[in-house]
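Working notes, beginning with the structure itself.
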Protein chains: 2
Amino acid sequence: MIRINRRTDYAVRVMLALARHAGEGRLSTQQIQDQMLVPRAFLQRIIADLSRQKLIKTYTGPNGGLELTRSVETFNLREIYEAIEGPLLISDCLEAAGVCPLDKGCPVRPRWACLQALMARELEAITLAELVADADKIGQFQTR
Amino acid sequence: MIRINRRTDYAVRVMLALARHAGEGRLSTQQIQDQMLVPRAFLQRIIADLSRQKLIKTYTGPNGGLELTRSVETFNLREIYEAIEGPLLISDCLEAAGVCPLDKGCPVRPRWACLQALMARELEAITLAELVADADKIGQFQTR
DNA sequence: TGGATTGTTTACTGATTTGGTAAAGAATTC
DNA sequence: GAATTCTTTACCAAATCAGTAAACAATCCA
């Protein structure tokens, strides 16, 4: 099935919350949980993934919390997607030569490859900065 | 995960086999199985789906078999995808209003909607006729 | 009519993914 | 050393995926 899973969706919300708070210090998991309506234990693991992939920097202890590792404009949806779900790969046939029994002779494979490239480009084109701008327009996700 | 599943991939192969045989009578499940390297019992169910969605017409009995219901140019990848996996829906948030707790206020949802529309357009743009042309070029899937 | 041939339907299985919970552990601050 | 915050691991139920098996129904032909 071609479906973006909920973990990725939540990850985008986390990044968005941090982006809207950029320059104003750290945000804790607790604060994000309240803002973004994501179950705590689940959220913790998503945050750990984002941290492991170096999209965010985390600090333990009182006054700990999270912050983005780079400026808001430099993040895009593809990066967030891949931090959670791994490399974008819309068909097993594209993984490596020899996986598909039809392999090189398959007329369908180049089409999947093309579609995948298109999606990758499209996801890359959507930056976190744009999402912040949209969110500001809508007026949701207000932190104060 | 954003991944086209194997059933859809097989369905495309079935349609391709039928397309290449168009105008030359029916093709049996057995023949397609041999050509396309798909396990029999699995293939039968995929064919039943294609039949149920009226992409192919089937006939029982000796000299039975399958054929396309329309001309080759009128089929596209989206149609085949949806016959097997149901309507294209890349995020649960797009399914219906109210599914997402953030709902209307979500800045991410319009982006998913846009991405989904793009994919739909792209899948529609690839016709079975084009795949046949590609297959002819490559020289694979020869039936004689 | 009855057997051979071909598609249809349904039930089942094991492996993997998904969405989520829980808790022990480690780092940091005060 | 206690409180706070992130990290890691183990676990769970439900859904999906890939595939198997077999009973069943329709059709053709002798």
Between D:dC6, D:dT8, C:dT28, spot the one nearest the side chain of A:Thr29, thanks. D:dC6
Picking from D:dT7, C:dA4, C:dG19, which would you name as closest to the side chain of A:Phe42? C:dG19
Which of C:dT28, C:dT6, C:dG20 is nearest the side chain of B:Ser28? It is C:dT6
Check the distance between C:dT8's P and B:Gln30's CD and give it to me in whole angstrom. 15 Å
Check if the side chain of A:Arg3 and the base of C:dT17 share a donor-acceptor pair of N or O atoms closer than 3.5 Å. no
Identify which nucleotide among D:dA18, C:dG19, D:dT7 has an atom closest to any side-chain atom of A:Asn5, counting heavy atoms from C-beta outward. C:dG19
Establish whether the base of C:dG19 is bridged to the side chain of A:Arg7 by a donor-acceptor pair shorter than 3.5 Å. no
Donor-acceptor contact present, side-chain B:Arg40 to main-chain B:Gln33, <3.5 Å: no
Going by an N to O cut-off under 4.0 Å, is there a salt bridge joining A:Asp9 and A:Arg6? no
So which atom in B:Arg7 and which in B:Arg45 form the shortest heavy-atom distance, rounded to 0.1 Å? NE-NH2, 4.4 Å
Output the residues of residues 64-71 of chain B in contact with DNA chain C, where contact means a heavy atom of the residue under 4.0 Å from an atom of the strand; sort by number or write none. B:Gly65, B:Leu66
For the pair A:Gln30 and A:Asp34, evaluate side chain to side chain donor-acceptor pair (under 3.5 Å) and give the outcome as yes or no after the intermediate values. CA-CA 6 Å; A:Gln30 183 61 55; A:Asp34 297 340; 3.2 Å; yes
At their closest point, which heavy atom of A:Val12 faces which heavy atom of A:Ile80, and how far apart are they? CG2-CG2, 3.9 Å
In whole angstroms, the gap separating P of C:dT10 from CD of B:Gln44 amounts to 15 Å
side-chain N/O B:Thr58 vs C:dT8 OP1/OP2, d < 4.0 Å: yes
Of the nucleotides D:dT20, D:dT27, C:dT18, which one has an atom closest to the side chain of B:Pro39? D:dT20
Between atom CD1 in A:Ile32 and atom P in D:dT5, what is the gap in whole Å? 13 Å
Going by atom types only, do A:Ser71 and A:Glu73 share a side-chain donor-acceptor pair under 3.5 Å? yes
Listed nucleotide nearest any side-chain atom of B:Asn63, set C:dT28, D:dA18, D:dC28: D:dC28
Measure CE/B:Met1 against C1'/D:dA18 and give the value in whole Å, please. 14 Å
Are OP1 or OP2 of D:dT7 and a side-chain N or O of A:Thr60 less than 4.0 angstrom apart? no
A:Ala41, nearest nucleotide to its side chain (from D:dA21, C:dT9, C:dT21): C:dT21
Only one of B:Thr69, B:Leu18, B:Thr127 forms a side-chain contact (heavy atoms from CB on, under 4.5 Å) with B:Phe75, so which one is it? B:Thr69
Whole angstrom is fine here: how far is it from NZ in A:Lys57 over to C1' in C:dT28? 12 Å
Think B:Arg26 has a side-chain N or O under 4.0 angstrom from the OP1 or OP2 of C:dT6? no
Ignoring hydrogens and angles, tell me if any N or O in the side chain of B:Arg3 forms a donor-acceptor pair with the backbone of A:Leu89 under 3.5 Å. yes
Roughly, in whole Å, what's the span from CD in B:Gln33 to P in D:dT20? 10 Å
Is there a donor and acceptor pair, one atom on the side chain of B:Arg45 and one on the base of C:dT10, closer than 3.5 Å? no
CZ of B:Arg6 versus C1' of D:dG19: gap in Å, rounded? 10 Å
Take atom CG of A:Asp49 and atom C1' of D:dT9, then tell me their distance rounded to the nearest Å. 13 Å
With a cut-off of less than 4.0 Å, is there a side-chain N or O of A:Tyr10 near OP1 or OP2 of C:dG19? no
